[in-house]
Trainee: 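Dropping a structure here in structure tokens format, bear with me for questions.
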Number of protein chains: 2
Amino acid sequence: MASPHRPVVAVSKACALSGDAHLPIYRRLYQALAEQIASGALKPGDSLPAEADLARLYAIAPGTVRRAMEDLAAKGLIDRVHGRGTFVRRPNFDNAMLRFLRFRDADGAVIHPESRIVLRRVIPTPAHLPAKLATVERTVLHMVRHRLWDGAVRLVEDIYLPAHRFGRLLELSPAEIGPLLYPAYERWCGQMVYVIEEELAMIEATDDDAATLGLAPGSLVVSIERVAKDATGCAMEWRLSRAEAKRFRYRVSSDA
Amino acid sequence: MASPHRPVVAVSKACALSGDAHLPIYRRLYQALAEQIASGALKPGDSLPAEADLARLYAIAPGTVRRAMEDLAAKGLIDRVHGRGTFVRRPNFDNAMLRFLRFRDADGAVIHPESRIVLRRVIPTPAHLPAKLATVERTVLHMVRHRLWDGAVRLVEDIYLPAHRFGRLLELSPAEIGPLLYPAYERWCGQMVYVIEEELAMIEATDDDAATLGLAPGSLVVSIERVAKDATGCAMEWRLSRAEAKRFRYRVSSDA
DNA sequence: AAGTGGTCTAGACCACCCG
DNA sequence: GGGTGGTCTAGACCACTTT
């Protein structure tokens with residue numbers, strides 16, 4: 001809110017918060033910081049200015065800065081450490097979205113698998129896809145990804161994306177895409193995942209999947225069908241994953 | 001402030017917040033309100049006192065009350081409505097809780113299974129249980145429930161409950177308990193489930209389970225371990241369910 | 001008009017981490 | 001000791017709903 005008596009402080013440069021003026025200040029500050037993180041201006045591990053400094057910089061109250069910081073921390077974008085400071089969080093599997101899918105090793109410990117994209121191409125939209133994915137285009141981007149640990153392929157994924165929003169992925173090297181797709185969607189395509197819906201079922205492996213996963217033909221695999229949606233609820237990704245049933249472990253909580 | 005069941009409190013005399021004195025005030029207020037919800041003193045739909053009234057009642061600052069209310073709202077225990085007030089939220093079993101567990105018939109349609117409680121007894125607390133269930137008692141209520149459709153047992157459940165809070169279930173007829181347990185917990189024992197955590201895994205069936213489910217020995221079954229918690233986060237039910245893997249279908253959304 | 005929650009301000013003091 | 005975030009206070013004004 002426009003304070004009637006703005007402090008006459010000699011802050012070298014009192015920045016104005018851009019964005020829609022009808023949004024709360026803490027929300028605009030959240031956006032400003034989130035955009036700096038998304039754009040790479042603030043990189044993982046970087047420290048943010050202290051609350052008091054941000055308050056001076058934008059000429060707003062410390063409590064308002066605090067609200068924005070707490071929201072960023074709740075969303076998992078930053079870490080706040082008592083007595084040390086505030087830091088951009090390293091993207092990892094603890095992200096709220098990715099907490100669903102877990103595999104266990106012999107001791108039940110969580111595993112962070114290697115990612116290997118084995119196919120990227122644009123294909124005519126399969127007939128079954130428009131029911132799942134919000135697209136009216138005639139073509140979609142199709143990717144096949146393997147995820148590995150202990151030197152073997154443990155998970156096979158078919159991923160379908162609207163070609164017009166995700167075509168950029170075709171030009172990138174695997175290293176540029178990185179091991180996690182959702183951060184890559186955000187970084188290279190400006191697409192952020194807000195909601196995930198999944199459905200699990202046990203089915204018999206296809207011959208191809210059995211061969212890829214190193215299983216006997218007809219083995220039971222868990223099939224995970226996932227729809228990822230953006231902030232407007234628009235389905236932006238459809239994904240079908242298969243993995244050996246016996247290795248699978250899945251944890252979910254109703255309180256997000 | 002005009003709620004009929006709420007005793008009119010003299011504003012002149014402030015109440016003291018119980019609980020560990022080293023906890024933050026907003027945390028103790030959160031606990032106090034969560035306990036009133038969990039115990040049934042505040043029932044779903046009831047309105048809470050206004051922020052300013054709570055602040056006067058406990059002789060704390062409005063901002064501190066607000067923090068507790070925001071946390072309760074984030075946890076899903078209350079609804080805050082701008083201009084109207086704050087209300088105890090009713091956990092809805094149909095949409096939020098039970099949407100997890102689904103079985104499919106031949107056409108993939110959702111099934112509403114029959115419920116058959118085949119065992120109810122009080123037993124000495126098993127050694128593994130205190131790690132899962134918040135109980136220090138030496139006995140727990142153990143129930144075994146079968147769920148059936150198409151004339152066969154499709155799901156076997158072992159359910160463990162603190163004996164002192166759920167002993168009443170021993171006296172009831174199956175008809176009085178009904179086909180759904182959580183509404184029965186609420187109706188007969190005054191216990192409401194607010195949070196569910198589940199973990200799925202694929203394991204080989206025990207001989208007993210295989211026989212009950214009509215499967216070949218050593219068939220793969222899905223094992224679902226569930227912890228149900230009340231408004232205070234206290235684990236009130238521990239449940240282990242098994243079902244034929246091939247018939248299993250599980251749906252979940254990060255929306256919650 | 002009255003009452004409620006939503007936003008914002010401008011401080012205070014404390015607990016924690018580091019140099 | 002100096003800087004950081006964590007907690008808490010005591011108000012202000014606004015937006016919304018109901019009477």
Side-chain angles (χ1 to χ4, degrees), chain A residues 1-9 11 14 16-17 19-33 45-74 77-89, chain B residues 1-3 6 8 11 14 16-17 19-33 45-89:
Chain A
M1 185 130 317
S3 41
H5 44 282
R6 184 171 294 216
V8 199
V9 293
V11 172
L17 279 170
D20 319 300
H22 63 282
L23 285 177
I25 296 175
Y26 70 83
R27 194 63 207 162
R28 282 188 282 166
L29 178 56
Y30 177 104
Q31 269 299 109
L33 294 172
D46 285 355
S47 73
L48 273 66
E51 290 179 3
D53 293 335
L54 281 174
R56 275 190 297 272
L57 180 62
Y58 291 105
I60 58 182
T64 305
V65 174
R66 184 163 193 80
R67 170 72 188 263
M69 305 282 263
E70 281 171 348
D71 289 353
L72 285 164
L77 298 186
I78 61 175
D79 282 320
R80 318 198 73 199
V81 187
H82 193 174
R84 289 218 310 136
T86 302
F87 307 89
V88 179
R89 187 168 186 180
Chain B
M1 95 181 74
S3 10
R6 168 168 288 276
V8 177
V11 188
L17 278 171
D20 316 303
H22 64 280
L23 285 177
I25 296 175
Y26 69 83
R27 193 64 208 165
R28 281 188 283 166
L29 178 56
Y30 177 104
Q31 269 296 113
L33 294 172
D46 285 355
S47 75
L48 272 67
E51 289 179 5
D53 292 334
L54 281 174
R56 275 191 295 275
L57 179 62
Y58 292 105
I60 57 182
T64 305
V65 174
R66 184 164 193 80
R67 170 74 188 263
M69 305 283 262
E70 280 171 349
D71 289 353
L72 285 164
K75 196 79 169 149
L77 301 189
I78 61 176
D79 283 320
R80 317 198 73 197
V81 188
H82 193 174
R84 289 218 309 136
T86 303
F87 307 89
V88 178
R89 187 172 183 179

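The chains referred to below are lettered A, B, ... by the order of the sequence lines, with proteins before strands, and numbering in each begins at 1. Excluded from the calculations below are hydrogen atoms, water molecules and symmetry mates; all remaining heavy atoms, backbone and side chain alike, are included.
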Trainee: Do you know the tightest heavy-atom contact between Leu33(A) and Leu54(A)?
Mentor: CD1-CD1, 4.5 Å
Trainee: Whole angstroms only, please: what is the CZ-P distance between Arg66(B) and dC13(D)?
Mentor: 18 Å
Trainee: Whole-Å distance between dG6(D) P and Arg67(A) CZ?
Mentor: 15 Å
Trainee: So does Thr86(B) get a side-chain nitrogen or oxygen closer than 4.0 Å to the phosphate oxygens (OP1/OP2) of dT4(C)?
Mentor: no
Trainee: Tell me, please, which residues at least two apart from Ala55(B) pass side-chain contact (heavy atoms from CB on, under 4.5 Å).
Mentor: Pro62(B), Val65(B)
Trainee: My understanding is that only residues two or more places apart in sequence, or in another chain, count here; which of them pass side-chain hydrogen bond (donor to acceptor under 3.5 Å, both in side chains) with Tyr30(B)?
Mentor: none
Trainee: Find the distance Leu54(B):CG to dG5(C):C1' and express it as a whole number of Å.
Mentor: 13 Å
Trainee: For Arg66(B), give me all partners under side-chain hydrogen bond (donor to acceptor under 3.5 Å, both in side chains), at least two apart in sequence or on another chain.
Mentor: Glu51(B), Glu70(B)
Trainee: Hey, which of these two, Pro62(A) or Tyr26(A), hits DNA chain C nearer its 5' end, going by closest nucleotide?
Mentor: Tyr26(A)
Trainee: Which nucleotide wins on minimum distance to the side chain of Pro24(A), given the candidates dT9(D), dT7(C), dG5(C)?
Mentor: dT7(C)
Trainee: For Ala32(A), what residues pass the side-chain contact (heavy atoms from CB on, under 4.5 Å) criterion, not counting sequence neighbours?
Mentor: Leu17(A)
Trainee: Checking contacts here: which listed nucleotide (dT4(D), dC8(D), dT9(C)) is nearest the side-chain heavy atoms of Thr64(A)?
Mentor: dT9(C)
Trainee: Starting at atom CG of Asp71(A), determine the distance to atom P of dC8(C), rounded to an integer number of angstrom.
Mentor: 11 Å
Trainee: Would you call Asp71(B) and Lys75(B) a salt bridge, taking side-chain N to carboxylate O under 4.0 Å as the test?
Mentor: no
Trainee: CZ of Arg27(B) versus P of dT7(D): gap in Å, rounded?
Mentor: 11 Å
Trainee: Nearest-Å distance, CD1 (Ile25(A)) to P (dC13(D))?
Mentor: 16 Å
Trainee: Could you identify which residues of residues 78-85 of chain B place a heavy atom less than 4.0 Å from some atom of DNA chain D, listed by residue number, or say none?
Mentor: His82(B), Gly83(B), Arg84(B)
Trainee: Measure the distance from OH on Tyr30(A) to P on dT7(C) and round it to the nearest whole Å.
Mentor: 15 Å
Trainee: To the side chain of Ala61(B), which of dG5(C), dT7(C), dT9(D) is closest?
Mentor: dT9(D)
Trainee: Listed by chain and number, what are the side-chain hydrogen bond (donor to acceptor under 3.5 Å, both in side chains) partners of Gln31(B), not counting sequence neighbours?
Mentor: Glu35(B)
Trainee: What's the CD-P distance between Glu51(A) and dC8(C), to the nearest Å?
Mentor: 16 Å
